[in-house]
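A short worksheet on the structure shown next.
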Amino acid sequence: MNEFIALTIIYAILGTAIAIYARGGVRTQEDYFIGGRNIGGIISALTYAATTYSAFMMVGLVGLSYMTGVGAAGFELMYLVGTLFLLSYYAPKVWRLGKEKGFVSPAELLAFRYGATTAKLATILALIALIPYTSIQMIGIALILQKNAGISFASGVAIASILIALWAFLGGLRGVAWTDAVQGIFMLTVAILAVLWTFNYVGGFEIPKELAVVPNEFWTPLKFATLTIPWFFFALTNPQVFQRLFIPKDEKAIKRMVVLFGIFGLIYTVLVTFLGLDLRFGTEVGRFPFVADRDKVTPTLLGIMPAWIALPLALSIIAAAVTTANSIILTLSSMVLRDVIGEKAKVVGGKVIVIVLTVLVAIFALKRVSYIVELAVLSSTILLCQLPLILGVFHWKRGGEKTGLATLVCGFTTAVALSVIKHPMVSIATFLVSFVVFLAIGLIER
């Protein structure tokens, strides 16, 4: 049997065992979707990190750094800075409000202020935005399996679907969080080994002159702003990480989560971008082949590495993708069940929705319509329309259901319309339109 297939099977068995063990404490939707609000700070930090840092990093960002230079590092560090800034201020507020009001789904925060119809619309928009983003994880897994196990892309998507759905189905948030913790440590350890091996293999590190300067041909000021704005506010607009703010057991755990996530994020970001830049140096000196498709830079590296490092690195990419995808699927399931269907008691409906959503994501992944980074940013751009509503909960007393609905509709329409015509200012325009509509309608509506 192919060594990588054997390793993947072992990984799947261990993860499934953890999920089965975790399911013992699942009795209510609060248990299933947010771990009974009883997760410690360390596990909260690791599950937040593993949910955030997905196949986007070790596949998408490595390729982006390889092709476009140091601007990619700045782009991702802006995400980390924005996330830490937002979490430091809003995480305790969201946690306290969520515990006081019994929020389980992220959209329930919007329902509390802007009405149930606004929460329903927000759920529908989240589905539209996050199905492409979740497909990134399946694409990443399928590419790795295709390169290392000789499995077709379609078969890789099918395997990814099973891995993603199974642990969320069995163990809910507890199963996902416990597997995330193990996988987060594994991802970081393997990234360090990969960087050390690559540095030694290519014979050093030097950034090619054309990639060491920002702005450059790719990273124009407009391009940087367009990609960075939705990334900066990711912690508030993306429901799968926003829901993570409900899970810590107390405020001390919240603070520990933020600090530990910041440490993890900084180290992992530096490692991943360094790897991409070092591989480009390897291309310049003839030690690594030029790769035109940036999403295939990491798979190409895996084909060069010896098995002792290639197999764990490939598995770490699969682990990162699975942790992000099953977290998204679980969150979307809670939103559909509680905010659209209106069922707030039974857990079984959430499990059925987990399966349905996974199938939809797999269908989208098979089309592979764009590069990984662009798909991720598009999803976050669509979700920007929620930002003024979330900020309004804490900072502005004006506006109600009409404000909520108008903001979501106008922001979403702007994002989709400008994305279709490939307008370079899509995220900037979405940001501005959403806030202008929110303020304008809010001033009128009692």
Side-chain angles (χ1 to χ4, degrees), residues 7-8 10-26 30-58 80 83-84 87 91 95 137 140-141 163-193 235 238 240-250 252-269 271-272 312-313 315-331:
L7 190 61
T8 304
I10 293 171
Y11 159 76
I13 291 172
L14 290 175
T16 302
I18 293 172
I20 291 173
Y21 179 77
R23 71 185 296 185
V26 175
E30 190 172 82
D31 293 329
Y32 185 68
F33 290 121
I34 57 173
R37 304 183 202 275
N38 194 36
I39 308 297
I42 295 175
I43 301 299
S44 293
L46 287 170
T47 188
Y48 193 102
T51 298
T52 299
Y53 294 124
S54 60
F56 165 84
M57 294 291 283
M58 195 54 78
L80 182 61
T83 298
L84 292 177
L87 289 182
W95 180 84
Q137 318 314 321
I141 295 171
L163 289 174
I164 288 166
L166 184 60
W167 299 344
F169 181 89
L170 290 175
L173 188 279
R174 281 198 183 94
V176 169
W178 291 358
T179 54
D180 281 358
V182 175
Q183 291 174 128
I185 295 170
F186 179 64
M187 287 158 52
L188 196 60
T189 302
V190 174
I192 293 170
L193 294 175
N238 280 250
Q240 74 276 13
V241 290
F242 191 86
Q243 191 177 46
R244 287 296 190 271
L245 304 184
F246 296 153
I247 73 173
K249 62 182 180 181
D250 52 36
K252 183 178 179 181
I254 277 275
K255 293 175 181 177
R256 182 174 293 176
M257 179 191 81
V258 175
V259 171
L260 294 178
F261 166 72
I263 295 170
F264 185 105
L266 180 61
I267 295 171
Y268 198 56
T269 298
L271 289 170
V272 169
L313 180 59
L315 187 60
S316 77
I317 296 169
I318 290 179
V322 169
T323 58
T324 297
N326 58 22
S327 295
I328 294 173
I329 294 293
L330 196 62
T331 296

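Using a 4.5 Å heavy-atom cutoff, the side chains of Thr269 and Met57 are in contact. A heavy-atom distance below 4.5 Å is found between the side chains of Ile39 and Leu173. The side-chain heavy atoms of Val258 and Leu84, taken from C-beta on, include a pair separated by under 4.5 Å. Between Leu245 and Leu87 there is a side-chain heavy-atom pair separated by less than 4.5 Å. Contact annotation: the side chain of Leu46 never approaches that of Asp180 to less than 4.5 Å [non-hydrogen atoms, C-beta and beyond]. For the pair Gln137 and Val322, the minimum side-chain heavy-atom distance is 4.5 Å or more. Taking 4.5 Å as the limit, every side-chain heavy atom of Glu30 sits out of range of all side-chain heavy atoms of Phe246.
Looking only at distances, a side-chain donor or acceptor of Asp250 sits under 3.5 Å from a matching main-chain atom of Lys252. For Thr324 (side chain) and Ala321 (main-chain N/O), no donor-acceptor pair under 3.5 Å exists by modelled atom type.
With sequence neighbours excluded, no residue forms a ring-ring contact (aromatic ring centres under 6.0 Å, His included) with Trp95. Among residues two or more places apart in sequence or in another chain, the ring-ring contact (aromatic ring centres under 6.0 Å, His included) test is passed with Phe169 by none.
Between Leu170 atom CG and Thr16 atom OG1 the span is 6.5 Å, to the nearest 0.5 Å. Remark: Gln240 CD to Thr52 OG1 distance equals 7.5 Å, nearest 0.5 Å. To the nearest 0.5 Å, atom CD of residue Gln183 and atom OG1 of residue Thr51 are 10.0 Å apart. In this structure, the separation between OG1 on Thr47 and CD1 on Ile42 is 13.5 Å, given to the nearest 0.5 Å. The CD1 atom of Ile317 sits 10.5 Å away from atom CD1 of Ile141, with the distance rounded to the nearest 0.5 Å. Distance check: Leu80 CG to Tyr53 OH gives 4.5 Å after rounding to the nearest 0.5 Å.
Of all non-hydrogen atoms in Thr323 and Ala50, the two that sit nearest each other are OG1-O, 2.9 Å. Summarising the geometry of Met257 relative to Pro248, their closest heavy-atom pair is SD-CG, 4.3 Å, with the distance given to 0.1 Å. Shown here for Gly15 and Thr179, the closest heavy-atom pair between the two residues is O-CG2, 3.9 Å. Pairing each heavy atom of Leu271 with each of Ala191, the nearest pair is CD1-CB, 3.9 Å. Counting all heavy atoms, side chain and backbone alike, Val190 lies closest to Ser316 at CG1-OG, 4.0 Å. Pairing each heavy atom of Leu260 with each of Ala45, the nearest pair is CB-CB, 3.6 Å.
Note on ring orientation: taking the six-membered ring where Trp is involved, the planes of Phe261 and Tyr48 are perpendicular (angle over 60°, cut-offs 30° and 60°). Ring planes of Tyr268 and Phe264: tilted class, angle from 30 to 60°.
Applying side-chain contact (heavy atoms from CB on, under 4.5 Å) to Arg174 and the options Ile34, Ile247, Ile18, Asp31 leaves one that passes, Asp31.
No hydrogens or angles considered: a donor-acceptor pair under 3.5 Å links the side chains of Gln243 and Thr331.
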**Q.** Verdict with supporting geometry, Ser327 and Arg244, side-chain hydrogen bond (donor to acceptor under 3.5 Å, both in side chains)
**A.** CA-CA 9 Å; Ser327 295; Arg244 287 296 190 271; 2.6 Å; yes
